[in-house]
Amino acid sequence: MKILLILLISTLLGASAVLSFDAPVQDFGEVPEGKIVNLKYRFTNTGDSPLIINKVTTDCGCTASSFPRKPIAPGMSDHISVQFSTRGKEGVQEKRVSIVSNASEDEVILKFTGTVIPH
């Protein structure tokens, strides 16, 4: 209830959250097929209202993600974790991760690339 009240007041005052990533595009280099690649996308709420991440989606079943479920206060940082399974993959990989939140930009797209070397 308290969080909803803060968000309502922030909205009425014209305040907004801003989702700023340190590195929205990452390259994991070359890895052997079958390895799990773990990536962390560090971000900061550079806005003046609490940030709430509603949903994180990936563009294939080979990629999983986890993200903070609690509001991120202005000026605070956290991260989104992404795990990419290279099993059954080979060659250059380019994947997207979509972040939906209450930030001034409704949807942010993160990307990662790399090359999977077959056995």
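Both backbone and side-chain heavy atoms feed into the values below; hydrogens, waters and symmetry mates do not.
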Asker: Where do A103 and L51 come nearest, in terms of heavy atoms and distance?
Answerer: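 Distance-wise, the nearest heavy atoms are CB-CD1, 3.9 Å.
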
Asker: Between I36 and T86, is a side chain to side chain contact (heavy atoms under 4.5 Å, CB included) present by the stated rule, with each step listed?
Answerer: CA-CA 6 Å; I36 301 291; T86 64; over 6 Å; no

Asker: For R42, check salt bridge (charged side-chain N to carboxylate O under 4.0 Å, His left out) against everything at least two apart and list the hits.
Answerer: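 By the salt bridge (charged side-chain N to carboxylate O under 4.0 Å, His left out) rule, R42 matches D22.
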
Asker: What distance separates L39 CG from S65 OG, expressed to the nearest 0.5 Å?
Answerer: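 Between L39 CG and S65 OG, I get 11.5 Å after rounding to 0.5 Å.
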
Asker: Please tabulate, one pair per line, all N/O donor-acceptor pairs under 3.5 Å involving side-chain atoms of residues 107-119, not counting sequence neighbours.
Answerer:
{"residue": "E107", "atom": "OE2", "partner": "S98", "partner atom": "OG", "Å": "2.4"}
{"residue": "H119", "atom": "ND1", "partner": "E33", "partner atom": "OE1", "Å": "3.1"}
{"residue": "H119", "atom": "NE2", "partner": "E33", "partner atom": "O", "Å": "3.2"}
{"residue": "H119", "atom": "NE2", "partner": "E33", "partner atom": "OE1", "Å": "3.2"}

Asker: So, for G47 and P74, which heavy atoms are closest and what is the spacing to 0.1 Å?
Answerer: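 Looking at all heavy atoms of both residues, the closest pair is O-CB, 3.3 Å.
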
Asker: About how many Å separate CG of D106 and OG of S101, when rounded to the nearest 0.5 Å?
Answerer: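 If we round to the nearest 0.5 Å, S101:OG and D106:CG are 7.5 Å apart.
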
Asker: Keeping the roles fixed (side chain from T58, backbone from A64), state whether a donor-acceptor pair exists under 3.5 Å.
Answerer: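 Judged by distance alone, no pair lies under 3.5 Å.
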
Asker: The criterion is salt bridge (charged side-chain N to carboxylate O under 4.0 Å, His left out); which residues satisfy it with D78, sequence neighbours excluded?
Answerer: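 Not a single residue meets the salt bridge (charged side-chain N to carboxylate O under 4.0 Å, His left out) criterion with D78.
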
Asker: Please, which pairs that meet disulfide (SG to SG under 2.5 Å) have at least one residue in residues 67-119, sequence neighbours excluded?
Answerer: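 Not a single pair qualifies under disulfide (SG to SG under 2.5 Å).
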
Asker: S77 and F43: side chain to side chain contact (heavy atoms under 4.5 Å, CB included), yes or no, with the steps?
Answerer: CA-CA 6 Å; S77 297; F43 66 86; over 6 Å; no

Asker: Counting N and O atoms only, with roles assigned by atom type, does the side chain of N45 sit under 3.5 Å from a partner on the main chain of S20, one being a donor and the other an acceptor?
Answerer: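 Such a contact is absent between N45 side chain and S20 backbone.
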
Asker: With a 4.5 Å cut-off on side-chain heavy-atom distances among I, L, V, M, F, W and Y, is there a chain of contacts connecting L19 to V100?
Answerer: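 Different clusters.
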
Asker: Between T57 and V97, is any pair of side-chain heavy atoms under 4.5 Å apart?
Answerer: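 Of all side-chain heavy-atom pairs linking V97 with T57, none is under 4.5 Å.
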
Asker: Please round to the nearest 0.5 Å and tell me the distance separating atom CD of Q83 and atom NZ of K40.
Answerer: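 Rounded to the nearest 0.5 Å, the CD-NZ separation comes to 10.0 Å.
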
Asker: Measuring from atom OG of S16 to atom CG of N102, what distance do you get when rounded to the nearest 0.5 angstrom?
Answerer: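 CG of N102 is found 8.5 Å from OG of S16.
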
Asker: Do the side chains of R87 and C62 get nearer than 4.5 Å, heavy atoms only?
Answerer: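 C62 does not reach R87 side chain to side chain.
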
Asker: Would T63 and V82 count as a side chain to side chain contact (heavy atoms under 4.5 Å, CB included) here? Give the steps.
Answerer: CA-CA 7 Å; T63 308; V82 174; 3.4 Å; yes

Asker: Do you reckon I53 sits in the same ILVMFWY cluster as F21, going by side-chain contacts under 4.5 Å, direct or chained?
Answerer: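 Same cluster: I53 reaches F21 through Ile, Leu, Val, Met, Phe, Trp or Tyr contacts under 4.5 Å.
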
Asker: Name all residues meeting the ring-ring contact (aromatic ring centres under 6.0 Å, His included) criterion together with F67; count only those two or more places apart in sequence or in a different chain, and write none if there are none.
Answerer: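 Listed in chain order: nothing, the list is empty.
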
Asker: Y41: what forms a ring-ring contact (aromatic ring centres under 6.0 Å, His included) with it, not counting sequence neighbours?
Answerer: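 In terms of ring-ring contact (aromatic ring centres under 6.0 Å, His included), with neighbours along the sequence ignored, Y41 is linked to no residue.
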
Asker: If you measure from OG1 on T44 to NE2 on H79, what distance do you get to the nearest 0.5 Å?
Answerer: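 The OG1 atom of T44 sits 13.0 Å away from the NE2 atom of H79.
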
